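Report on the structure given below.
Bear in mind that the values here come from a model prediction, so they are computed numbers and not experimental data.
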Amino acid sequence: QVHLVESGGGLVQAGGSLRLSCTASGSVFSINAMGWYRLPPGKQRELVARLTSGGITTYADSVKGRFHITRRNDVKNTVYLQMNSVEPEETAVYYCNADLRMTDAAWNREYWGQGTQVTVSS
């Protein structure tokens, strides 16, 4: 079993900052990539940021320069999303995503966290 445990969501004022964290726990053999998606009310889920094991980052155009995804150095199973200068339009449920392989598994598969609510007040 693998679980993605998210934390750090909450209420923040426009222009403020928030940091989300996600830890992949359980029988993890290797991680190809971890990232964050968000689901705004009434809209489709979208990629926010992604970080591969090789250190390659991908960001949504709307967050470039404001959001930063990093990985904890001592525990590779944890990633952070630092959100700066947040905007009300970024109110959404933020989901952690991981492309990983479980121990004794033959291939990678995708896992999702339960989501954490981020509300940006104007």
* To do: Can you see which heavy atom on Glu46 is nearest to which on Pro40, and at what distance?
  => OE2-CG, 4.4 Å
* **Same cluster (ILVMFWY, side-chain, under 4.5 Å), Tyr80 and Tyr94** => no
* **Interatomic spacing from CG in Leu4 to CG in Asn97 - rounded to 0.5 Å** => 7.5 Å
* Can you name the nearest heavy-atom pair linking Thr70 to Leu51, along with the distance? -> C-CD2, 3.8 Å
* Asked: In the hydrophobic clustering (ILVMFWY, side-chain contacts below 4.5 Å, transitive), which residues join Tyr37, or is it alone?
  -> Leu39, Leu47, Val93, Tyr95, Trp112
* Asked: Applying disulfide (SG to SG under 2.5 Å), which residue pairs with at least one partner in residues 35-122 are found, sequence neighbours left out?
  -> Cys22-Cys96
* Structure fact -> Nearest heavy-atom approach of Gly65 to His68 is O-NE2, 4.0 Å
* So which pairs with a foot in residues 11-25 pass side-chain hydrogen bond (donor to acceptor under 3.5 Å, both in side chains), sequence neighbours left out? -> Ser7-Ser21, Ser17-Asn84, Thr23-Thr78
* **Nearest-0.5 Å distance that lies between atom OG1 in Thr52 and atom CE in Met34** => 12.5 Å
* Structure fact -> Residues at least two apart in sequence or cross-chain that pass salt bridge (Lys or Arg N to Asp or Glu O under 4.0 Å) with Arg66, listed by chain then number, are Glu90
* To do: Kindly give the heavy-atom pair with the smallest separation between Pro88 and Ser122, and that separation in Å.
  => CG-CB, 3.8 Å
* Just jot down the side chain to side chain contact (heavy atoms under 4.5 Å, CB included) partners of Thr103, sequence neighbours excluded, or say none. => Ser27, Phe29
* Looking at CG of Leu81 and CD of Glu6, how far apart are the two atoms once the value is rounded to the nearest 0.5 Å? -> 11.5 Å
* Test side-chain contact (heavy atoms from CB on, under 4.5 Å) applied to Thr91 and Gln117, step by step -> CA-CA 8 Å; Thr91 293; Gln117 177 70 44; 3.9 Å; yes
* So does Gln114 have more than 12 non-hydrogen atoms from other groups sitting under 6.0 Å from CD? -> no
* Asked: Measuring from Arg101:CZ to Ile31:CD1, what's the distance to the nearest 0.5 Å?
  -> 12.5 Å
* To do: Decide yes or no on side-chain contact (heavy atoms from CB on, under 4.5 Å) for Leu20 and Met83, but give the supporting numbers first.
  => CA-CA 8 Å; Leu20 307 182; Met83 305 165 58; 3.9 Å; yes
Could you list the donor-acceptor pairs under 3.5 angstrom formed between side-chain atoms of residues 53-62 and any protein atom two or more places apart in sequence or on another chain?
residue, atom, partner, partner atom, Å
Tyr59, OH, Ile69, N, 2.9
Asp61, OD1, Lys64, NZ, 3.0
Ser62, OG, Arg38, NH2, 3.4

